Amino acid sequence: MTGAAGRPARPSVRVRVPGKVNVTLAVGERRPDGYHDLSTVFMAVDLHDTVLVRPAERMSVTVRGRGEGRVPLDEDNLAVRAARLIAKETGRERAAEIRIDKSIPVAGGMAGGSADAAATLVACNELWGLGLSYEELRLLAAQLGSDVAFPLLGGVGLGTGRGECLTQLPEAGAGAFHWVFAVAEDGLSTPEVFREHDRLQELREVPPPAGEQERAATVAAVVRALRGGDARALARIAERGNDLQPAALSLRPELRRTLRLGRQAGALAALLSGSGPTCAFLAESAGAAAGLARVLSASGSCREALATTGPVPGCLSAG
Ligand code: ATP
C-alpha cells in the first residue's frame, strides 16, 4: 500500500468522528473462528469524539472528556493500534502524538474506541500525506475491528460478516431522527455480552438466529422507514431488533428499569445500543427528546442522558 505520492505533510490534523447506534442487530451462529455472523444497521449519531494528531518521535496518546479515566493510554488504545497499522502498511517508520477528546461514552455499545481508530487512520493519512483512498482506509479499518470501518462514511450502513462488510443505506437526510442515550455508570464488555448470548442460546433461553429471509425483510423494512423519515416505523423495528439485548439485560438486570422509564416517558422505542449498557430511545421530535432526557437524568437510573440526532456523516467528511 503506497497511496498517492507527493502530498505535503501537515503540522497537525484534527478529525471529528461520530458514535453509532445499532438500529437492528441480528446475531447468527458462532463461527469456527469464534466470531458471529452479524446483520446490523448502524446509524451514526451526533455525539462526536475529536482526534488530533501531530508528528512525534514516539507514539503517545492522551485522552480527556467523558469516561477519560477508563481508556487505556498504552498499546491497547485502538487509536494507537490504528496509527501503528497505517504506518506499517505504508512502509514508513513514523510516530504521532495522538490527543483524543471524548464525548462518546466508553464501553457503552456506541463504538467509541472504533470511532477513535477510524479517525486516527484518516488523521494520519492527512498528517503524513499518504493519499490513501477510502477503499484502502476501509481495508485497514476492517483489520482493526468489526466496527471501525463504519465511522469512516457514517450515515446509515448495513454491516454483515463480523460487521465489517459495509453497504451504505439510503437516508431521509441528516438529523432526521431524534435519539436519547442514557449512559450507564459502568461499561459492559462486548466479548462478555457475546459469551452470555451464546450461553443463553445453548440453554434455548433466546430465540434461534433469524434466517436469511427474515434478516432481508428486516433490512428492507428499515430502508423503507429511513427513506420516509418515519420514526414510528423505525421504532417498531428497533424495539425488537437487538439480539444482544437479552444477554446484556441478563448481565445488567437494572437496565430494564431505565428502558421502562423511557417508554413511560413517551419514547417511541427503547432498546440497548449494541452490546449496551447505554440505553437508546427514539423520540418523536427534538422537544420530545429533550423532555425524555430530562426525565431520565432526574430518575437517577443513569449517569447522564443525552439528546441528539442521527444520521450524521462520518469522519472522512465531518472535518
Ligand atoms: P463496541 O460497541 O465497538 O463493541 P463499545 O462502544 O462498547 O464498543 P468502547 O468505548 O469502544 O466500547 O470501549 C471498549 C473498550 O475498549 C474500553 O473498555 C477500553 O478499555 C478499550 N479502548 C481502547 N481504546 C479506546 C479508545 N480510544 N476509546 C475508548 N475505549 C478504548
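Whatever order the structure lists ligands and atoms in, that order sets their numbers, starting from 1. Keep in mind the model is a prediction, meaning the values are calculated, not measured. Positions are given from 1 along the sequence.
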Heavy-atom donor-acceptor pair, Thr120 side chain to Asp116 backbone, under 3.5 Å | yes

May I ask you to say whether Glu205 pairs ionically with Arg199, meaning some side-chain N is under 4.0 Å from a carboxylate O?
-> no

Side-chain H-bond candidate by donor/acceptor type, Asp101 with His48, under 3.5 Å = no

Compute whether any side-chain donor of one residue and acceptor of the other, for Glu164 and Ser146, lie under 3.5 angstrom apart.
-> no

Every residue of the protein that comes under 4.0 Å of ligand 1, judged on heavy atoms | Lys20, Arg70, Val71, Pro72, Asp76, Asn77, Leu78, Ile100, Lys102, Pro105, Val106, Ala107, Gly108, Gly109, Met110, Ala111, Gly112, Gly113, Ser114, Asp116, Asp147, Thr190

Please step through salt bridge (Lys or Arg N to Asp or Glu O under 4.0 Å) for the pair Glu97 and Arg58, ending with a clear verdict.
-> CA-CA 7 Å; Glu97 175 194 340; Arg58 60 176 194 87; over 6 Å; no

Not counting sequence neighbours, which residues clear side chain to side chain donor-acceptor pair (under 3.5 Å) with Glu212? List them please.
-> none

